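Any value given below was found using the heavy atoms of this structure, including those in side chains, with hydrogens, waters and symmetry copies removed. This structure is a prediction, so every number in the text was calculated from the model and none was measured. Residues: numbered from 1 along the sequence shown.
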Amino acid sequence: MPAIPDTQTPVSANARFSQRHRVATEELDFLGHVNNKQYLSWMETVAWAHANAVGIDADTQKTLNRIMVVHEHRMRYLKECRKNDGLILHTWLGKPIGCCRRERHFAFVRETDGQCVFEATSVYVCIDLTQHRPRPIPAGFIVPYAQQA
């Protein structure tokens, strides 16, 4: 997995987006640590928050007749998390793959000790909203991230 980009230097399309999260009781499994499926939910939440933060919302997607959907996830669970652990959920865009796909990276860091507890890379594919077929990623899905500092 790529290292988390340094936010002290503008990294254009690779600028990271971060969001804080506190582990809640309902996110735990019977072992008392975060259930594995919860990390996937956090990935979705922080990816949408990133898109919205740069101005890519449901209206933008409808106007462009495009949406990015998951093609593949590669996830690594590195450390356990427990109730009330404070996490920083990081995400950033990776490399484009052809005209229709793009990587997105994730790293979840525990605040108390700075340990990376989870990392993942997902590949998203751009599809049109009417036929659900792959289409080139429009500039409206690229430029907003490139302008993020």
Side-chain angles (χ1 to χ4, degrees), residues 1-64 66-98 100-127 129 132 134 137-138 140-149:
M1 299 284 167
I4 300 171
D6 176 8
T7 55
Q8 301 307 311
T9 306
V11 287
S12 66
N14 291 326
R16 76 175 176 196
F17 176 84
S18 302
Q19 178 174 313
R20 284 191 157 76
H21 180 78
R22 182 146 318 271
V23 175
T25 303
E26 59 272 10
E27 296 172 319
L28 305 178
D29 62 18
F30 71 95
L31 297 173
H33 58 70
V34 172
N35 189 299
N36 290 351
K37 67 183 179 185
Q38 193 59 51
Y39 294 87
L40 183 60
S41 176
W42 295 339
M43 288 168 61
E44 180 180 26
T45 297
V46 74
W48 278 114
H50 188 197
N52 282 299
V54 299
I56 302 171
D57 57 14
D59 289 338
T60 303
Q61 294 164 4
K62 288 176 189 172
T63 299
L64 295 173
R66 298 286 188 276
I67 192 167
M68 301 296 289
V69 297
V70 173
H71 173 69
E72 172 184 357
H73 290 303
R74 294 182 304 275
M75 301 180 283
R76 290 183 23 156
Y77 302 91
L78 304 171
K79 309 265 184 198
E80 65 180 27
C81 292
R82 298 193 174 273
K83 182 180 175 184
N84 291 324
D85 276 353
L87 302 174
I88 303 175
L89 312 179
H90 300 289
T91 188
W92 64 98
L93 296 183
K95 67 181 179 194
I97 305 167
C100 302
R101 293 181 293 154
R102 183 157 205 162
E103 291 180 337
R104 178 182 279 280
H105 303 289
F106 301 86
F108 300 167
V109 176
R110 190 169 37 228
E111 289 184 288
T112 56
D113 60 8
Q115 291 290 307
C116 185
V117 298
F118 175 84
E119 62 185 14
T121 296
S122 297
V123 175
Y124 287 78
V125 62
C126 184
I127 64 169
L129 292 172
H132 297 178
I137 300 171
F141 282 9
I142 298 168
V143 173
Y145 292 108
Q147 293 173 341
Q148 178 187 8

Any idea which heavy atoms bring Thr60 and Gly55 closest together, and the distance? OG1-O, 3.1 Å
Taken in chain and number order and not counting sequence neighbours, the residues that satisfy ring-ring contact (aromatic ring centres under 6.0 Å, His included) with His33 are none
Listed by chain and number, what are the salt bridge (Lys or Arg N to Asp or Glu O under 4.0 Å) partners of Glu111, not counting sequence neighbours? Arg20
Would you say the side chain of Asn84 lies within less than 4.5 Å of the side chain of Val23, judging by non-hydrogen atoms? no
Determine whether Leu89 and Phe106 make a side-chain contact, defined as any pair of heavy atoms from C-beta on separated by less than 4.5 Å. no
Under the ring-ring contact (aromatic ring centres under 6.0 Å, His included) test, residues paired with Phe118 that sit two or more places apart: Tyr39, Tyr77, Phe108
With sequence neighbours left out, write down each residue that passes side chain to side chain contact (heavy atoms under 4.5 Å, CB included) with Ala53, or none if nothing qualifies. Phe17
Distance col, row Ile127:CD1 vs Arg66:CZ, nearest 0.5 angstrom, shows 10.0 Å
Of all the heavy-atom pairs spanning Met68 and Cys100, show the shortest one and how long it is. CE-O, 4.5 Å
If you define the side chain from C-beta out and look only at heavy atoms, does anything of Leu31 sit under 4.5 Å from Glu80? no
Between Arg22 and Gly86 the two heavy atoms that sit nearest each other are NH1-N, 3.4 Å
Rounded to the nearest 0.5 Å, how far apart are CG of Leu40 and OG of Ser122? 8.0 Å
Are any non-hydrogen side-chain atoms of Glu27 and Trp42 less than 4.5 angstrom apart? yes
Nearest 0.5 Å, what's the CD-NE2 distance between Glu119 and His105? 10.5 Å
Where Cys116 and Lys79 come nearest, the two heavy atoms and their spacing: O-CG, 3.7 Å
Could you grab the distance from atom NE2 of His50 to atom CD1 of Ile56, nearest 0.5 Å is fine? 8.5 Å
Just to verify, what does Val70 make a side chain to side chain contact (heavy atoms under 4.5 Å, CB included) with, not counting sequence neighbours? His73, Tyr124
Asp113: which residues meet the salt bridge (Lys or Arg N to Asp or Glu O under 4.0 Å) condition with it, sequence neighbours left out? Arg110
Distance-only polar pair, side chains of Gln38 and His21, donor-acceptor under 3.5 Å: no
Calculate, to the nearest 0.5 Å, the distance between atoms CD and NZ belonging to Glu26 and Lys83 respectively. 9.0 Å
Between Leu64 and Pro138, what is the shortest heavy-atom contact and its length? CD1-CG, 4.1 Å
Roughly how far, to the nearest 0.5 Å, is the CD1 atom of Ile67 from the CD atom of Gln61? 4.5 Å
Under a 4.5 Å cut-off applied to non-hydrogen side-chain atoms, are Ile137 and Pro96 in contact? no
Can you find a heavy atom in the side chain of Glu72 that is under 4.5 Å from one in the side chain of Arg101? no
Going through the distances and angles, do Glu103 and Ile97 end up as a side-chain contact (heavy atoms from CB on, under 4.5 Å)? CA-CA 7 Å; Glu103 291 180 337; Ile97 305 167; 3.9 Å; yes
Could you tell me which non-hydrogen atom of Val34 sits nearest to which non-hydrogen atom of Asp29, and how far apart they are? O-OD2, 4.2 Å
Using modelled atom types and a 3.5 Å cut-off, is there a donor and acceptor pairing between side-chain atoms of Arg82 and backbone atoms of Gly32? yes
